Number of protein chains: 2
Amino acid sequence: MSDSVTGRIRNAGLRVTRGRVAAIETLQALGGHRTVDEIARGLTGRGVKVARATVFNVLGDLATAGLVVIADAGPGPTRYEVATYDHHHFVCTICGSITDVPCAENGGQCIEPAVVDGTVSNVQVIYRGVCSSCEAGDT
Amino acid sequence: MSDSVTGRIRNAGLRVTRGRVAAIETLQALGGHRTVDEIARGLTGRGVKVARATVFNVLGDLATAGLVVIADAGPGPTRYEVATYDHHHFVCTICGSITDVPCAENGGQCIEPAVVDGTVSNVQVIYRGVCSSCEAGDT
DNA sequence: TGCTAAATTGGACTAAGTCCAAAGAAGCTC
DNA sequence: GAGCTTCTTTGGACTTAGTCCAATTTAGCA
Ligand SMILES: [Mn+2]
Ligand SMILES: [Mn+2]
Ligand SMILES: [Zn+2]
Ligand SMILES: [Zn+2]
């Protein structure tokens with residue numbers, strides 16, 4: 001039940017490999033919502049050599065295990081972030097920035113349960129608009 | 001103020017071209033949430049010859065004009081649908097099916113306004129889970 | 001240490017989408 | 001309708017995102 005990166009990977013039932021440890025550490029260090037290629041570059045920067053296909057594999061595995069999360073923001077490459085608290089995203093349609101939006105702002109649910117023909121296990125919300133920086137006219 | 005496809009395109013301030021008219025008609029006829037390549041095949045099937053790059057252009061333009069809508073469902077190619085009433089989507093994580101979820105089920109807002117650093121102009125919700133057909137064990 | 005299942009490798013491959021300069025068409029105005 | 005301007009289409013090359021696979025390496029266990 002370790003809380004270290006190694007421990008979290010093992011707890012998730014995954015083998016501890018160089019790539020998995022380094023991917024989480026790199027994603028953590030980079031912060032934010034990152035593409036596979038950004039993470040791959042981050043790994044290279046840290047002197048960790050892993051094949052591109054492996055970075056795809058590793059992030060897919062970590063996502064399945066719930067250690068990282070796909071921060072979907074519409075078109076473009078898939079973006080990952082380290083799993084933390086439950087939140088949604090605000091995407092600026094001008095500069096493309098992605099910022100976190102806490103899910104239950106005032107202690108309640110941010111969204112009503114929907115009536116669907118099946119069972120919902122996860123709800124993802126994307127707020128789109130113009131970020132304050134772009135509103136301020138920042139080029 | 002015509003309600004025909006031609007009229008709607010013109011009303012939107014766009015030039016009426018063969019490709020634009022045919023794209024809307026094809027998307028309408030196909031129904032559901034379609035990729036550019038599905039629409040391109042639909043066009044070919046109707047005997048309308050348009051370059052693939054044009055199908056991308058046309059759908060982008062129609063989306064900007066609000067005549068079609070991007071039905072985002074996570075990874076994979078962008079999917080379009082003809083603009084109708086406001087709704088969200090339920091995506092089956094097993095079979096990949098996408099079904100509509102009415103936005104304001106009981107007359108209210110389905111989602112609370114979020115506190116973001118900027119101005120939200122659009123909110124998109126993706127419900128993920130298992131559709132009833134997959135729950136029933138359909139292969 | 002040795003074994004076995006799981007993971008990585010790298011290179012080829014596919015899919016999704018962009019870009020561009022040249023050619024064509026839509027919507028004016030007269 | 002002719003002429004003009006601007007927008008749109010074209011098709012082929014190109015880029016980006018991601019998958020696939022057979023050979024090799026490694027993690028975890030006994
Ligand atoms: Mn986030
Ligand atoms: Mn829909
Ligand atoms: Zn912005
Ligand atoms: Zn299903």
Side-chain angles (χ1 to χ4, degrees), chain A residues 2 4-26 33-44 46-65 67-68 70-80 96, chain B residues 2 4-26 33-44 46-65 67-68 70-80 96:
Chain A
S2 172
S4 67
V5 170
T6 294
R8 280 187 285 155
I9 293 171
R10 207 186 305 275
N11 288 163
L14 294 177
R15 287 192 183 178
V16 177
T17 68
R18 206 169 43 92
R20 286 175 181 164
V21 175
I24 294 188
E25 285 172 354
T26 303
H33 311 89
R34 302 300 184 158
T35 66
V36 165
D37 286 322
E38 285 171 347
I39 297 163
R41 262 180 272 124
L43 287 166
T44 305
R46 308 186 135 221
V48 180
K49 188 174 156 295
V50 266
R52 203 174 79 103
T54 301
V55 186
F56 277 95
N57 279 342
V58 160
L59 283 156
D61 294 345
L62 294 176
T64 301
L67 299 186
V68 304
I70 293 177
D72 217 322
T78 302
R79 288 173 177 277
Y80 296 88
Chain B
S2 171
S4 66
V5 169
T6 293
R8 279 187 284 155
I9 293 171
R10 208 185 306 276
N11 288 163
L14 295 177
R15 287 191 184 177
V16 177
T17 69
R18 207 169 43 92
R20 286 174 181 166
V21 175
I24 294 187
E25 286 173 354
T26 302
H33 311 89
R34 302 299 183 160
T35 66
V36 164
D37 286 324
E38 284 171 348
I39 296 162
R41 264 180 270 124
L43 287 165
T44 305
R46 307 186 136 222
V48 180
K49 187 174 156 297
V50 267
R52 202 173 82 103
T54 302
V55 186
F56 276 95
N57 279 342
V58 161
L59 283 156
D61 294 345
L62 294 176
T64 302
L67 299 186
V68 305
I70 293 177
D72 217 321
T78 301
R79 288 173 177 277
Y80 296 88

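Below, read A as the first sequence line, B as the second, and so on, with proteins coming before strands; counting in each chain starts at 1. No experiment lies behind these values; they were computed from the predicted model shown.
Across every non-hydrogen atom of B:Leu67 and B:Arg8, the tightest pair is CD1-O, 3.8 Å. Nearest approach of A:Val58 to A:Gly19, heavy atoms of both residues: CG1-O, 4.1 Å.
At least one donor-acceptor pair closer than 3.5 Å links the side chain of A:Arg20 to the backbone N or O of A:Arg15. B:Arg18 contributes a side-chain N or O that, together with a main-chain N or O of B:Lys49, makes up a donor-acceptor pair within less than 3.5 Å. Checked by atom type and distance alone, the side chain of A:Arg34 never pairs as donor or acceptor with a backbone atom of A:Ile39 at under 3.5 Å.
Under 4.0 angstrom from either OP1 or OP2 of D:dT10 there lies at least one side-chain N or O belonging to B:Thr54. One finds a side-chain N or O of B:Lys49 lying less than 4.0 angstrom from the OP1 or OP2 phosphate oxygen of D:dG11. At D:dT10, one or more side-chain N or O atoms of B:Arg18 fall inside 4.0 Å of OP1 or OP2 (strictly under the cut-off). For D:dG18, one of the phosphate oxygens OP1 or OP2 lies less than 4.0 angstrom from a side-chain nitrogen or oxygen of A:Thr78.
In this structure, the CG atom of A:Asn11 is 15 Å from the C1' atom of D:dG28, given to the nearest Å. One atom, CG of A:Leu62, and another, P of C:dA7, lie 11 Å apart when rounded to the nearest Å. A:Leu14 has its CG atom 7 Å from the P atom of C:dA7, to the nearest Å. Atom pair A:Ile39:CD1 and D:dA17:P shows a separation of 13 Å (rounding to whole Å applied). For the pair A:Arg10 CZ and D:dT26 P, the computed distance is 17 Å after rounding to whole Å. Here D:dT10 presents its P atom at 10 Å from CG of B:Asn57, a figure rounded to the nearest Å. One interatomic measurement links the two molecules: CZ of A:Phe56 to P of D:dT19, which rounds to 7 Å at whole-angstrom precision.
A donor-acceptor contact under 3.5 Å links the side chain of B:Arg15 to the base of D:dT6. In the interface, the side chain of B:Arg52 is paired with the base of C:dG17 through a donor and an acceptor atom under 3.5 Å apart.
Comparing C:dT8, D:dG12, C:dG11 by their nearest atom to the side chain of A:Ala53 picks out C:dG11. In this structure, the nucleotide among D:dA17, C:dT8, C:dG27 sitting nearest to the side chain of A:Asp37 is D:dA17. When distances are taken from the side chain of B:Thr17 to each of C:dC19, C:dT8, D:dT9, the shortest belongs to D:dT9.
Comparing B:Val36 and A:Ala51 by the nucleotide of DNA chain C that holds the closest heavy atom to each, the one mapping nearer the 5' end is A:Ala51.
If you check every strand for non-hydrogen atoms under 4.0 Å, A:Asp61 touches nothing.
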